[in-house]
Asks: 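Handing you a structure now.
As the structure is a prediction and not an experimental result, all values here were calculated from the model. Each chain gets a letter, A, B and so on, in the order the sequences are listed, and its residues count up from 1.
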Amino acid sequence: MAKREEWAELATSVLPATFFGRPAEQVAPELVGCWLIRRLQTGEQLRGLIVETEAYAQQEPACHGSRRRSPQNETLFGEPGRFYVYLTYGIHHCVNLVTGCLDEASGVLLRAVQIPDEPARVAAGPGLLARRFGIDRRHDGLPARPDSGLWLAPRLLPPGMDGKLTQTTRVGISQAQELPWRWYLRSSPCVSRRARGDRLVRPGAGL
DNA sequence: CTCACGATTGGA
DNA sequence: CCAATCGTGAGC
């Protein structure tokens, strides 16, 4: 098989918009193991293996689209396959992928990625991930495609990596805390800070 | 118009 | 455990 450095190179195709036209809780676990790719000004690419995600849907109160449709959350109601980016705590940006159908608010929060040859913690959390990839509100509403400079590639795990998923309740929310809509790669050292302490729902399901 | 509150993080 | 920091939305 390929050498370590070549694994990121192998993730060369693009996840199509149709991939996202399904319920968020179905898309979220499938996004684990996929790659987040950013084209840099130099023409180089920054790639991160998605190791942790969460699903949000209009019918549950933790979702930004559960209340009123507004300029702030408009993207969440729009076409699936676009990025929904918002500012939280006045400091950090969070990156989501819009899922489901048009006029229905749902999405998947990217909580952590693992970047080959970089320290484990540089993107181990939603805010850290956005900072490392240089993503902010200007990216809100952009389609996840190469011409946006930001897109996703299909699942491709490094050789030898344990692909088992752990399913838990979501992190940092005050409502709908019992919903088991968070997934992460059990073997990754790059999951977010609050990974521990959340109610474990289903350890080690196959990927 | 005022004010409380985050889908977080880094430092005491 | 707590402060940082600011846009949004609920409430007066």
Asks: So A/Arg121, base contact, sugar-phosphate only, or nothing? Heavy-atom distance under 4.0 Å.
Replies: nothing
Asks: Let me know, please, whether A/His92 or A/Arg137 comes out on the 5' side of the other along DNA chain C by nearest nucleotide.
Replies: A/His92
Asks: Hey, is A/Tyr56 doing a stacking thing with B/dA7, by the 5.5 Å centroid and 30° angle criteria?
Replies: yes
Asks: What's A/Arg170 touching, base or sugar-phosphate or nothing? Going by heavy atoms closer than 4.0 Å.
Replies: nothing
Asks: Would you measure the distance from the P atom in C/dA10 across to the matching atom in B/dA7 and give it in whole Å?
Replies: 14 Å
Asks: Any strand is fair game: report the nucleotide pairing with C/dT5 by Watson-Crick or G-U wobble, both distances under 3.5 Å, or none.
Replies: none
Asks: What interatomic distance, in whole Å, is found between P of B/dA12 and the corresponding atom of C/dT5?
Replies: 15 Å
Asks: Looking only at N and O atoms, is any donor in the side chain of A/Arg193 or the base of B/dG10 less than 3.5 Å from an acceptor on the other one?
Replies: yes
Asks: Let's test this: given Watson-Crick or G-U wobble pairing with both distances under 3.5 Å, identify the partner of C/dA10.
Replies: B/dT2
Asks: Would you please indicate yes or no on a ring centroid separation below 6.0 angstrom for A/Tyr56 and A/His64?
Replies: no
Asks: Mark yes or no for whether A/His139, through its side chain, and A/Gly134, through its backbone, hold a donor-acceptor pair below 3.5 Å.
Replies: yes
Asks: Is it true that A/Glu44 and A/Arg39 make a salt bridge, defined as a side-chain N closer than 4.0 Å to a carboxylate O?
Replies: no
Asks: Any base atoms under 4.0 Å from A/Glu54, or only sugar-phosphate, or nothing? Heavy atoms, all strands.
Replies: nothing
Asks: Between A/Glu54 and A/Arg111, does at least one N-O distance fall below 4.0 Å, as a salt bridge requires?
Replies: yes
Asks: Identify whether any heavy atom of A/Ile91 sits under 4.0 Å from a base atom; if not, whether one sits that close to sugar-phosphate; answer base, sugar-phosphate or nothing.
Replies: base
Asks: Between A/Arg131 and A/Val108, which residue's closest nucleotide on DNA chain B lies nearer the 5′ terminus?
Replies: A/Val108
Asks: Let me know the distance between CD of A/Glu25 and P of B/dA7, rounded to the nearest Å.
Replies: 19 Å
